[in-house]
Amino acid sequence: MKFTTLLTLAVGLTVVNSRVVSRQEDEIDASNTRENNDPNVYPPPLANGGKAWADAFKQAEEIVSQMSIEEKAALITSQEGRCVGTSAGAERLGIPQLCMMDGPTGPRPIKGISQFPVGQAAAATWDRDLIYQRSKRMGQEFFDQGIHIALAPVSAGPIGRSPLGGRNWEGSYPDPYANGVYSYLSVLGLQDSHVAATTKHWIGYEQETFRHPYNTSQQDDVFPVLEQEPISSNIDDVTTHEVYMAPFAEAIRAGSAHIMCSYNDVNGTHACNNAYTQNHLLKTELNFQGAVVSDWGGVHHDIESATNGLDFSAPGVGFNGTMGHFWGGLADLVKDGSVPEERVTDAAIRLLTPYYWLGQDSENTPPEIVFNGNKYNLKDENGYRNVRQADTADLIREIGTESVTLLKNTGGLPLNKPERLVALGSDLASNALGPDGCGDDGTECPMGNFNGTLTMGGGSGYTIPPYITTPLEALKQRTQADGTEFSYALKNDDTTIQKIVPRSDATLVFVNNWAKEEADRHDINIVEEQASLIDAAVNSSSNVILVLHTPGVVDIEKWVNNENVTAIVESYYPGQETGSSVVPVLFGDVSPSGKLPFTWGKSLDDYPPNTVVSDAVKEPQADFTEGLLIDYKWFDKHNIEPRYEFGFGLSYTTFGFSDISVEDTYKKDDKEIQATNEPFEGFGEGKSLYDVVKAVTATVSNTGDVEGSEVAQLYVSFPGEGQPPRQLRGFEKVKKLKSGESQQVTFDLRLKDLSVWDTNKQMWVLPSGEYTFFVGSSSRDLPLHATSTQ
């Protein structure tokens with residue numbers, strides 16, 4: 001069907017009559033969906049400011065009451081301006097234009113800022129403080145550049161359902177609990193720097209292929225522009241609540257100012273057009289008080305988007321109409337009765353309430369913008385302001401180092417002042433065109449260019465680095481200090497490799513793998529040129545160490561068991577300090593403590609099938625038949641042995657776990673900034689779904705010879721049928737334990753952490769029966785267990 005004639009009566013979310021974990025053999029039953037997307041059935045609730053924003057809400061309500069229809073419509077429709085998104089403001093009422101800018105790794109596409117490690121790398125630290133500090137420091141750079149609203153963080157959109165997802169690196173964990181921790185801390189950090197967070201992408205956004213009909217995302221251009229519907233993510237009710245909503249609930253609890261709706265359809269209804277997901281799930285059940293902001297190109301219908309819960313249209317009337325002109329006539333739609341004025345009023349209040357709450361009108365007013373971050377705005381010059389703080393590079397370096405994950409080590413690491421060291425690979429060195437040689441989003445590398453080390457993926461999550469400390473530079477500095485003879489080759493040349501490698505004590509091979517927005521990975525293969533380089537090294541050296549910069553799993557099966565490969569290191573996308581963050585681990589200055597934030601399978605066949613749909617049809621459908629069984633839960637349920645499990649990572653020391661105990665306890669939730677309205681059963685008057693009801697304690701001991709850090713992980717097996725074998729419900733990084741030292745860790749379990757979503761009751765319930773609690777160092781190394789009956 002033509003995109004301009006989208007059905008006005010579409011479907012919402014599937015409601016199942018029993019708990020569903022996996023439906024591999026059954027298609028989602030179209031007759032069992034919420035068929036009415038009518039806002040009269042799922043009306044848009046009016047904001048009231050919630051628990052935290054009452055005063056700011058009153059300010060916004062008062063100001064909006066003085067606006068004309070035209071002013072309110074312009075306020076919530078993105079205009080042309082210096083920013084990627086610009087609210088018109090209301091000058092006569094003292095409201096400036098509000099600036100929105102990408103993205104999840106910092107302000108883009110401007111200079112004078114830092115290039116932080118990506119979200120996935122921060123997740124690999126499993127360090128709550130570093131996750132928060134990264135976001136806070138990043139938020140400060142947004143603020144200092146004059147930006148009101150950051151289009152970050154990436155929460156469960158994507159959560160990482162598919163290992164091929166082109167944007168997985170922008171997010172964190174394919175686990176709703178861990179992702180929720182990351183989302184909460186990321187929102188908190190941004191907003192503690194007085195910039196508004198926009199948590200994205202709501203909801204079920206798990207592939208780039210066929211994500212919208214403008215063909216900027218489809219590599220093969222299967223259909224002409226505006227002829228193919230966005231991919232429909234078809235998700236059952238349990239999975240929606242327990243997997244995809246859960247991280248957003250944590251972001252809202254942290255006070256997320258805004259939520260970005262996604263490109264995809266959800267069970268046949270476009271996400272930014274969906275009364276059930278926006279009005280009922282988000283604004284009613286999760287009690288979200290801010291504005292729902294569309295993704296750029298995510299508005300497909302003027303009236304339905306406005307009436308069904310969208311609060312801000314982007315790019316609105318901007319971007320030269322490349323993604324339509326939506327809401328440009330919103331005032332007229334109000335005047336002719338197509339859109340209720342109350343709906344526009346509420347949207348304007350929702351947009352302005354966080355502005356007042358953050359004090360952006362007074363003590364926390366961002367400075368004047370000097371950059372031009374909108375490629376369609378050709379009339380304004382692009383100024384420069386350096387907002388980097390002196391110690392930001394130290395934080396970036398620390399996150400990179402703490403994320404480094406040692407996957408294999410049979411004696412290759414740490415390097416102990418080798419006499420002769422060789423390093424190989426294009427990933428060692430600088431881009432031939434400099435740190436910004438591949439454009440504002442990292443995707444514009446000229447054909448045949450030497451791109452050098454890979455610090456980040458491409459797209460709106462990319463930031464321009466001020467510089468890159470390459471592995472080659474860091475290795476040169478270190479080997480010179482140690483008096484080590486150091487040779488290197490940046491490409492695969494048999495003569496050079498055969499000359500320098502055999503006489504080295506160790507050979508480092510740096511390998512990377514590219515991912516970007518607008519395209520999913522076609523496979524998990526290492527590109528042929530780099531694979532042949534690994535082969536050449538393995539054939540010439542008995543001590544090869546692989547260092548990987550990847551956006552997720554890559555196929556290393558050809559080399560992983562080769563005795564000449566003595567160590568494998570995963571270093572993710574670490575940002576501008578790529579070399580200086582990994583070299584201290586390679587040389588043993590720091591014991592590695594990163595843990596995989598995803599499961600590393602042996603092949604694509606190990607993962608659920610059809611997680612990226614590329615069928616050449618006009619209404620593509622992605623059926624989430626794996627249900628709750630994403631990542632490690634799929635592997636556990638189907639007894640698939642991964643190459644490296646979720647939460648896995650080696651150290652230069654060893655750790656032991658002992659003394660597990662479980663006790664009933666009660667602690668009032670002290671983490672929420674805004675409260676959700678999630679319904680739950682059986683816990684008493686005045687209690688919260690997020691109150692602590694149990695505590696698990698265990699002791700972690702350093703049983704090795706050197707100082708190190710360990711991530712203690714708690715997994716829970718739930719009573720009843722249809723549950724994943726184990727689910728993560730706690731983690732704690734025990735830092736810098738000396739040899740022989742022990743530390744007790746406590747995992748607080750909230751009521752929600754032990755509850756499941758009941759589709760019949762439409763609420764969270766606590767299952768009756770025996771829970772088993774496991775503690776250890778990864779999802780499959782769990783030496784401790786204890787039980788408790790509910």
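Predicted model, so just to flag it, every value in this text is computed and none were measured. These numbers come from the heavy atoms of this one structure, side chains and all, not from hydrogens, waters or symmetry mates.
Here the closest heavy-atom approach between residue L533 and residue I497 is recorded as CD1-CD1, 3.5 Å. Here the closest heavy-atom approach between residue I113 and residue I464 is recorded as CD1-O, 3.7 Å. In plain terms, the two heavy atoms of N168 and G160 that are nearest each other are OD1-CA, 3.6 Å. For the residue pair R521 and P163, the shortest heavy atom distance occurs at NH2-O, 2.9 Å. The nearest pair of heavy atoms linking G776 to L782 is N-CD2, 3.5 Å.
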Salt bridge (Lys or Arg N to Asp or Glu O under 4.0 Å) assessment of E473 paired with K476 = CA-CA 5 Å; E473 291 166 335; K476 282 182 177 180; over 6 Å; no

Would Q115 and T105 count as a side chain to side chain donor-acceptor pair (under 3.5 Å) if you check the C-alpha gap in whole Å, the side-chain angles of each, and the deciding distance to 0.1 Å?
-> CA-CA 7 Å; Q115 188 188 66; T105 57; over 6 Å; no

I would like to know whether T653 and S591 meet side chain to side chain donor-acceptor pair (under 3.5 Å); could you show each step before the answer?
-> CA-CA 7 Å; T653 188; S591 180; over 6 Å; no

For the pair E518 and R167, evaluate salt bridge (Lys or Arg N to Asp or Glu O under 4.0 Å) and give the outcome as yes or no after the intermediate values.
-> CA-CA 8 Å; E518 299 187 341; R167 300 181 77 174; over 6 Å; no

Does the pair N564 and S542 meet the rule for a side chain to side chain donor-acceptor pair (under 3.5 Å), with working shown?
-> CA-CA 4 Å; N564 289 347; S542 61; 5.2 Å; no

How far apart are the C-alpha atoms of E557 and R643, what are their side-chain angles, what is the distance that settles it, and do they pass the salt bridge (Lys or Arg N to Asp or Glu O under 4.0 Å) test?
-> CA-CA 8 Å; E557 291 303 299; R643 173 52 59 194; 2.7 Å; yes

From CA spacing to verdict: side chain to side chain donor-acceptor pair (under 3.5 Å), T209, D520 = CA-CA 6 Å; T209 307; D520 296 303; 2.7 Å; yes

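R780 and D636 are joined by a salt bridge, as a carboxylate oxygen and a charged side-chain nitrogen come within less than 4.0 angstrom of each other. Salt-bridge formation is detected for the pair K111/D436: a Lys NZ or Arg NE/NH1/NH2 atom is positioned less than 4.0 Å from an Asp or Glu carboxylate oxygen. The pair R211-E517 meets the salt-bridge criterion, with a side-chain N (NZ, NE, NH1 or NH2) lying under 4.0 Å from an Asp/Glu carboxylate O. E707 has no carboxylate O lying under 4.0 Å from a charged side-chain N of K736, or vice versa, which leaves the two without a salt bridge. Classification of K516 and E208 as a salt-bridged pair fails, no side-chain N sitting under 4.0 Å from a carboxylate O. A salt bridge links K558 with D535; the closest basic N to acidic carboxylate O contact falls under 4.0 Å. Ionic pairing of R137 and D391 is present here: one or more N-O contacts between side-chain nitrogen and carboxylate oxygen are shorter than 4.0 angstrom. With respect to the salt-bridge test (charged N to carboxylate O, under 4.0 angstrom), the residues K733 and E402 qualify.
Side chain of E206 to main chain of R161: a donor-acceptor pair is present (N/O by atom type, distance under 3.5 Å, no hydrogens or angles). Using modelled atom types, one side-chain atom of W600 and one backbone atom of V554 make a donor-acceptor pair closer than 3.5 Å. Between the side chain of D606 and the backbone N or O of K602 there is at least one donor-acceptor pair closer than 3.5 Å. In terms of modelled atom types and a separation under 3.5 Å, the side chain of S540 and the main chain of V501 share no donor-acceptor contact. Between the side chain of N702 and the main chain of L737, a donor-acceptor pair closer than 3.5 Å is present.
Remark: D705 CG is loosely packed, at most 12 non-hydrogen atoms of other residues, nucleotides or ligands lying under 6.0 Å away. Within 6.0 Å of the OH atom in Y488, the count of heavy atoms belonging to other residues, nucleotides or ligands does not exceed 12. Annotation: E444, atom CD; neighbour count of heavy atoms from other residues, nucleotides and ligands within 6.0 Å is above 12. For CD of E529, the number of neighbouring non-hydrogen atoms (other residues, nucleotides, ligands) closer than 6.0 Å is 12 at most.
Partner of N512 under the side-chain hydrogen bond (donor to acceptor under 3.5 Å, both in side chains) criterion, out of N451, D427, T550, T578: D427 alone. Y607 pairs in a ring pair (Phe, Tyr, Trp, His ring centres under 6.0 Å) with only one of the listed residues (W634, F635, F598, Y632), which is F635. When L475, L413, V582 are each tested for a side-chain contact (heavy atoms from CB on, under 4.5 Å) with F587, only one passes: L475.
For the pair V538/I534, a side-chain contact is recorded, criterion being any heavy-atom separation below 4.5 Å from C-beta on. Counting heavy atoms from C-beta outward, L508 and V422 have side chains that stay 4.5 Å or more apart. A 4.5 Å side-chain heavy-atom check between L454 and W514 finds at least one atom pair inside the cut-off. In this structure, N513 and P551 have side chains that are in contact, with non-hydrogen atoms separated by less than 4.5 Å.
Checked by atom type, the side-chain pair R128/Y182 shows no donor-acceptor distance below 3.5 Å. Counted by atom type alone, Q140 and D144 present one or more donor-acceptor pairs between their side chains at under 3.5 Å. Side chain to side chain, D493 and T496 meet the donor-acceptor criterion of an N or O pair below 3.5 Å. No hydrogens or angles considered: nothing links the side chains of S709 and S593 as a donor-acceptor pair under 3.5 Å. Counted by atom type alone, Q713 and Y715 present one or more donor-acceptor pairs between their side chains at under 3.5 Å. A side-chain donor from one of Y572 and T405 sits under 3.5 Å from a side-chain acceptor of the other. With no hydrogens or angles considered, no side-chain donor-acceptor pair links S162 and Q207 at under 3.5 Å. Defined by atom type and a distance below 3.5 Å, a donor-acceptor pair is missing between the side-chain atoms of N543 and D505. Checked by atom type, the side-chain pair S779/E645 shows no donor-acceptor distance below 3.5 Å. When only modelled atom types and interatomic distance are considered, S114 and T392 share no side-chain donor-acceptor pair under 3.5 Å. Looking at T484 and D482, their side chains never bring a donor and an acceptor atom within 3.5 Å of each other. At a cut-off of 3.5 Å, with distance as the only test, a side-chain donor of T507 or S504 sits close to an acceptor on the other residue.
Within the structure, no pair that satisfies the ring pair (Phe, Tyr, Trp, His ring centres under 6.0 Å) test touches residues 530-565, not counting sequence neighbours. Note on residues 505-606: no pairs pass disulfide (SG to SG under 2.5 Å), not counting sequence neighbours.
In terms of the side-chain contact (heavy atoms from CB on, under 4.5 Å) criterion, residue partners of A393 (sequence neighbours excluded) are, by chain and number, R397, Y467, Q576, E577.
Taking the six-membered ring for Trp, W126 and F646 have ring centres closer than 6.0 Å.
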